[in-house]
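This report concerns only the one structure given below.
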Amino acid sequence: MLLAARPAHGYELKTELERHFGGLLPALNDGQVYTTLARLERDELVESHDAAGDARGKRIYALTASGRREALQWLRAPAPEAKLKDEFFLKLALSASTGMGDAMALIDAQRHATLQSLRDLDSHPRDGDDTVPALLREGVALHLQARLRWLDVCEERLEN
Amino acid sequence: MQAVLEGRALAKTYRSGDVDVLALRGVDIRVAPGECVAVVGRSGCGKSTLLHLLGGLDRSTAGEVYVEGRRVDGVSDAEWARLRRRRIGFVFQAFHLLDAMSALDNVALPARLAGQDRAGARARAGELLGELLGELGLENRVDATPAQLSEGEQQRVAIARALVNRPAVVLADEPTGNLDTDSARAVLELLTTQRGEDRGLLIVTHDPRVAAGADRVVRLRDGLVVGDTTLAATGTRQRSSSSSRAGDGSPVRIADLGRAAHPLAADTADDRGGDLCDGDVDRGVGGGWTRRRSVAANVRSDQRRARDRHRRSADALGAGERSA
């Protein structure tokens, strides 16, 4: 996707990803970046050539025409809203029927984990509220808060 | 370690008409020096009652209260008042500042009530306000009255007032309840950073984000403690790995999201004003919103672009980070 802006070599792409996602992104290793680029090249979405005047043999990657189409299509399509893509949801639903877990204990444990995630998120050094990583973090925080509220609802319903 | 504040087997029964309402049914709670404890639970679970008993604003039906190791639940009202002035700071949801007084005098008031002279009290208040409002560039607004301050600023003044006599513990009742997200976060940061190594902090809240900021979260339900969980301190570890790679680029700014500076954006600009979902590449997606930009939105984005240009030229004069 980032190649749509301009051709770049692998390290530049990694840096750009970090500029966009800040600490939300798990640390990337160079291997992942290059494996992905190799796969995209195999699928003819990306093409590469040696950087001019670079003795170390850096390769510059660029989008192909079909890569651009693919990128545009991905960008314009609304992201699917995941409804059941939640492991805790599955655990809660299955704890009773399998007799293997106490739903209330699951809720307590999950609540602790979610509070901890929210705490970790808020203790990030702040990039400044006008940055994209800060905006994305706010989104994650709202998701976590919704989750905590939902855990309260689960607890209430289970009590009754 | 001796707790700065402790309640043992606290119970409170209210008489409501002909029935007794059990607001608290035997609650144990302690706040260690330097510790931040959040008390959470649904409305009516007894959390505000607990705070009132611990601060001597109300008397328990049974149980004991200790402030810095000293048992105080049986002391006189006058002694409670003295304790509240000197050892316990309060922060409320509705700020409770005195409208007729300046921010500075509001903060100085508890110091005056504790016996400090006017000059000393005002000096101490000024120092605290400088510290708490300084980062907002408000240190020169200490003469403003509460009505002239935003809600976030008023809560900062109220926090300064709670801290002016260097209390052993601060009790906060929904301190962010009246604040927007950003002010709430700033106020929470202030409360937690100002507690230092010795001062305890007890926050009653229904705001999960405030609870997540505490060291320990105590949950009440129907007047009983049903959960007590300690959260791990998180430093700046997530960042340390990437900061070693810093210098490669500063975070992307939100303003840059709106700018049409690269080929992809230029491409989508072709069908601006049209339906974003009518292009051939989008066939099959279906049902998208048609987003026609209003004149006002265009004006806004023009202004944004102008700001961007200005900022980019400022960047260019600076580090030239984008040349990489």
Side-chain angles (χ1 to χ4, degrees), chain A residues 1 4-6 11-12 14-16 18-27 63 68-73 75-78 104 108-109 111-112 114-135 138 141-142 144-149 152 155-156 159, chain B residues 38 40-42 181-182 185 188-189 207-209 211-215 217 219 221 226-227 229-243 245-246 248-257 261-265 267-268 276-277 279-285 287-289 321 324:
Chain A
M1 199 56 221
R6 62 176 179 280
Y11 183 73
E12 282 176 330
K14 187 168 165 255
T15 307
E16 275 297 296
E18 280 159 6
R19 289 185 63 233
H20 280 83
F21 297 101
L24 287 178
L25 201 68
L63 280 188
R68 272 185 63 78
R69 264 198 309 280
E70 185 90 5
L72 202 54
Q73 190 163 6
L75 186 70
R76 287 176 168 186
M104 283 296 192
D108 276 344
R111 185 184 277 128
H112 173 88
T114 310
L115 274 171
Q116 185 70 50
S117 301
L118 192 54
R119 181 183 182 82
D120 294 347
L121 190 75
D122 276 343
S123 58
H124 263 288
R126 297 172 77 175
D127 294 311
D129 291 340
D130 59 340
T131 66
V132 171
L135 184 64
E138 199 58 35
L142 287 169
L144 291 170
Q145 289 174 74
R147 156 81 76 146
L148 286 165
R149 215 162 292 154
D152 287 344
E155 190 179 79
E156 258 172 69
E159 271 172 14
Chain B
V40 301
R42 278 174 240 158
T181 313
D182 288 344
R185 184 163 169 161
L188 179 66
E189 253 176 40
D207 182 345
R209 210 145 175 189
D215 303 316
V217 182
R219 296 177 57 76
R221 191 192 306 144
V226 293
T229 188
T230 300
L231 299 176
T234 44
T236 52
R237 60 184 164 81
Q238 291 104 327
R239 197 40 170 268
S240 58
S241 61
S242 67
S243 68
R245 301 176 300 228
D248 290 319
S250 52
V252 176
R253 307 221 154 253
I254 291 167
D256 292 349
L257 289 180
H262 55 65
L264 189 66
D267 195 295
T268 57
L276 271 182
C277 288
D280 53 348
V281 288
D282 296 309
R283 196 164 293 146
V285 171
W289 278 339
E321 61 190 0

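Convention: sequence-line order gives letters A, B, ...; per-chain numbering from 1.
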Do A:R119 side-chain atoms and B:G213 backbone N/O form a donor-acceptor pair below 3.5 Å?
-> yes

For chain B, find which of A:H112, A:R149, A:E70 contributes the most heavy-atom pairs closer than 4.5 angstrom.
-> A:H112

Quick one: which of A:V132, A:L135, A:L63 has the most heavy-atom pairs under 4.5 Å with chain B, could you say?
-> A:V132

Give the member of B:D207, B:V217, B:D215, B:V226 that has the highest number of heavy-atom pairs under 4.5 Å with chain A.
-> B:D215

Quick one: CZ on B:R209 to CG on A:L121, what's the gap to the nearest 0.5 Å?
-> 6.5 Å

Identify which part of B:T230 has an atom lying under 4.5 Å from any heavy atom of chain A, answering side chain, backbone, both or neither.
-> backbone

Partners meeting side-chain contact (heavy atoms from CB on, under 4.5 Å) with A:D152 (sequence neighbours left out) | A:R111, B:R219

Using side-chain contact (heavy atoms from CB on, under 4.5 Å) as the criterion, list what pairs up with A:S117, not counting sequence neighbours.
-> A:L144

Could you walk me through whether A:Q116 and B:T229 pass the side chain to side chain contact (heavy atoms under 4.5 Å, CB included) check?
-> CA-CA 10 Å; A:Q116 185 70 50; B:T229 188; over 6 Å; no

Tightest non-hydrogen contact, residues B:P208 and A:L118, listed as O-CD2, 3.6 Å

